Amino acid sequence: MIKKIIKRTFDVVVSFIALIILLPLFIIISTIIFIETGFPVFYKQKRLGKNGKEFFLYKFRSMVKDADKIGSLVTVKNDPRITRSGKFLRKTKLDELPQFFNVLKGDMSLVGPRPEVKKYADFYMEDFNYILSKVKPGITDWASIKFRHEEHILESEKDFETHYVNELLPKKLTLAKNYADNNNLFIDLVILIKTVFVVILN
């Protein structure tokens with residue numbers, strides 16, 4: 001219980017400070033997206049959360065409107081649905097910044113297994129139920145670091161969606177289960193620091 005309180009307090013404090021500091025950047029990014037493709041500037045999608053409860057995950061919109069209705073939910077590097085500004089946002093991971101709101105709301109943690117859409121989670125629901133019974137999904141985790149070039153990996157696959165489900169997702173779940181069973185504030189700090197370096201060094 002104490003560990004959960006510490007983690008939640010850390011999530012709220014860091015996310016609140018981050019949102020205040022990043023407010024000017026939010027305005028700039030929102031303006032660029034609006035000028036290029038109009039509203040909405042944010043994209044929301046249902047993902048599986050704690051104990052399997054679905055929630056809306058928020059991102060800056062990096063693709064054309066209704067992209068999820070005209071193509072796969074899995075995205076590759078040169079997906080034609082990605083906008084010009086979206087390419088930069090995705091490369092720098094700036095499109096993920098609105099998820100600090102998800103953390104404040106309590107849907108997510110700063111660190112935790114990346115939230116998955118139900119369509120793909122259904123293939124491994126037993127694993128997801130186990131993981132999400134222990135921890136909330138997060139903005140970053142070990143899999144986010146290891147598979148930071150996921151779009152590049154999938155681009156070389158003819159059937160990238162099948163490859164994601166059969167090859168990448170099981171590997172992500174192995175890392176997620178390891179985190180669910182072994183996590184604390186120190187590990188979270190290590191993951192956050194490594195994530196920052198990975199994003200900067202790309």
Side-chain angles (χ1 to χ4, degrees), residues 7-8 11-12 15 18-19 26 29-30 33-34 37-76 79-83 85-86 89-90 93-144 147-148 150-151 154 159-177 179-180 195:
K7 184 175 177 68
R8 179 59 184 157
D11 284 344
V12 171
S15 296
L19 285 170
F26 270 62
I29 293 174
S30 297
I33 294 173
F34 171 72
T37 55
F39 286 121
V41 297
F42 294 108
Y43 169 75
K44 67 178 184 178
Q45 184 183 59
K46 280 188 177 182
R47 302 287 180 99
L48 284 187
K50 188 72 166 63
N51 297 317
K53 182 180 178 181
E54 288 187 305
F55 69 97
F56 280 110
L57 174 141
Y58 297 101
K59 291 186 178 186
F60 279 116
R61 184 166 59 80
S62 61
M63 304 178 80
V64 298
K65 299 175 185 178
D66 298 321
D68 52 353
K69 297 178 182 178
I70 56 176
S72 170
L73 295 180
V74 175
T75 310
V76 295
D79 193 310
R81 296 172 297 172
I82 301 176
T83 61
S85 61
L89 292 176
R90 297 173 78 93
K93 303 301 181 182
L94 291 175
D95 62 320
E96 308 282 356
L97 293 181
Q99 286 161 50
F100 281 119
F101 286 113
N102 285 119
V103 176
L104 276 183
K105 286 176 59 184
D107 297 324
M108 296 172 61
S109 291
L110 292 171
V111 180
R114 286 297 296 161
E116 187 59 82
V117 295
K118 191 174 184 301
K119 175 182 177 181
Y120 301 131
D122 279 341
F123 287 95
Y124 305 97
M125 191 52 71
E126 185 176 342
D127 293 319
F128 276 98
N129 285 339
Y130 175 79
I131 294 165
L132 295 174
S133 69
K134 292 195 165 193
V135 294
K136 292 179 182 179
I139 293 178
T140 186
D141 67 340
W142 292 122
S144 300
F147 299 108
R148 59 189 179 279
E150 178 180 305
E151 292 184 353
L154 294 174
D159 188 345
F160 57 84
E161 192 168 25
T162 297
H163 183 80
Y164 176 77
V165 172
N166 294 338
E167 300 295 332
L168 282 187
L169 192 50
K171 293 176 182 177
K172 288 183 176 183
L173 285 170
T174 296
L175 293 171
K177 280 189 277 189
Y179 176 80
T195 298

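A quick note: this is a predicted structure, and the numbers were derived from the prediction, not measured.
Put simply, the side chain of Leu104 reaches to within 4.5 Å of the side chain of Val12, judged on heavy atoms. Considering only heavy atoms from C-beta on, Glu151 stays 4.5 Å or farther from Asp79 through its side chain. For the pair Lys59/Arg90, no side-chain contact is recorded, criterion being any heavy-atom separation below 4.5 Å from C-beta on. Here the side chains of Met63 and Ile82 are in contact, with some heavy-atom distance below 4.5 Å. Looking at heavy atoms from C-beta onward, Tyr124 lies in side-chain contact with Leu173 at the 4.5 angstrom threshold.
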Name every donor-acceptor pair, under 3.5 Å, that has one atom in a side chain of residues 108-121 and the other anywhere in the protein, sequence neighbours excluded.
residue	atom	partner	partner atom	Å
Ser109	OG	Asp11	OD2	3.1
Arg114	NH1	Gln99	OE1	2.7
Arg114	NH1	Gly138	O	2.9
Arg114	NH1	Ile139	O	3.1
Arg114	NH2	Glu96	OE1	3.2
Arg114	NH2	Gln99	OE1	3.3
Glu116	OE1	Tyr164	OH	2.4
Lys118	NZ	Asp122	OD1	3.1
Lys118	NZ	Asp122	OD2	3.2
Lys119	NZ	Glu161	OE2	3.0
Tyr120	OH	Glu161	OE2	2.4

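One finds the CG atom of Asp95 at 5.0 Å from the OG atom of Ser62 (value rounded to the nearest 0.5 Å). A distance of 4.5 Å separates CD1 in Ile29 from CG in Leu94, rounded to the nearest 0.5 Å. Note that OG1 of Thr174 is 15.0 Å distant from CH2 of Trp142, once rounded to the nearest 0.5 Å. In this structure, the separation between CD1 on Ile131 and CD on Glu126 is 11.0 Å, given to the nearest 0.5 Å. Annotation: the span from Lys134 atom NZ to Tyr130 atom OH amounts to 3.0 Å, rounded to 0.5 Å. One distance of note links OH of Tyr43 with CG of Asp66; it measures 9.5 Å at 0.5 Å rounding.
Checked by atom type and distance alone, the side chain of Arg47 never pairs as donor or acceptor with a backbone atom of Leu57 at under 3.5 Å. The main-chain N or O of Lys53 is never found under 3.5 Å from a side-chain atom of Asn51 such that the two would form a donor-acceptor pair. A donor-acceptor pair under 3.5 Å links the side-chain atoms of Lys65 to the main chain of Phe39, judged by distance alone.
Partners of Asn129 according to the side-chain contact (heavy atoms from CB on, under 4.5 Å) rule, which considers only residues two or more places apart in sequence or in another chain, are Met125.
Paired with Asp127 under the rule salt bridge (charged side-chain N to carboxylate O under 4.0 Å, His left out), one option of Lys177, Lys171, Lys172 passes, and it is Lys177. Only one option out of Ser30, Pro40, Pro98 pairs with Arg61 in a side chain to side chain contact (heavy atoms under 4.5 Å, CB included); it is Pro40.
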For this session: Evaluate the side chain to side chain contact (heavy atoms under 4.5 Å, CB included) criterion for residues Phe56 and Lys46: first the C-alpha distance (whole Å), next the side-chain angles of each, then the deciding distance (0.1 Å), finally the verdict.
Result: CA-CA 5 Å; Phe56 280 110; Lys46 280 188 177 182; 3.6 Å; yes
For this session: Kindly determine whether Phe123 and Leu169 satisfy side chain to side chain contact (heavy atoms under 4.5 Å, CB included), including the steps that lead there.
Result: CA-CA 10 Å; Phe123 287 95; Leu169 192 50; 5.5 Å; no
For this session: Please report the C-alpha distance between Gln45 and Leu73 in whole Å, then the side-chain angles of each, then the deciding distance to 0.1 Å, and finally whether the side chain to side chain contact (heavy atoms under 4.5 Å, CB included) criterion is met.
Result: CA-CA 10 Å; Gln45 184 183 59; Leu73 295 180; 3.7 Å; yes
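Heavy-atom minimum distance, Ala143 versus Leu175: CA-CD1, 3.7 Å.
Classification of the Phe101-Phe26 ring pair by plane angle, with boundaries at 30° and 60°, yields perpendicular.
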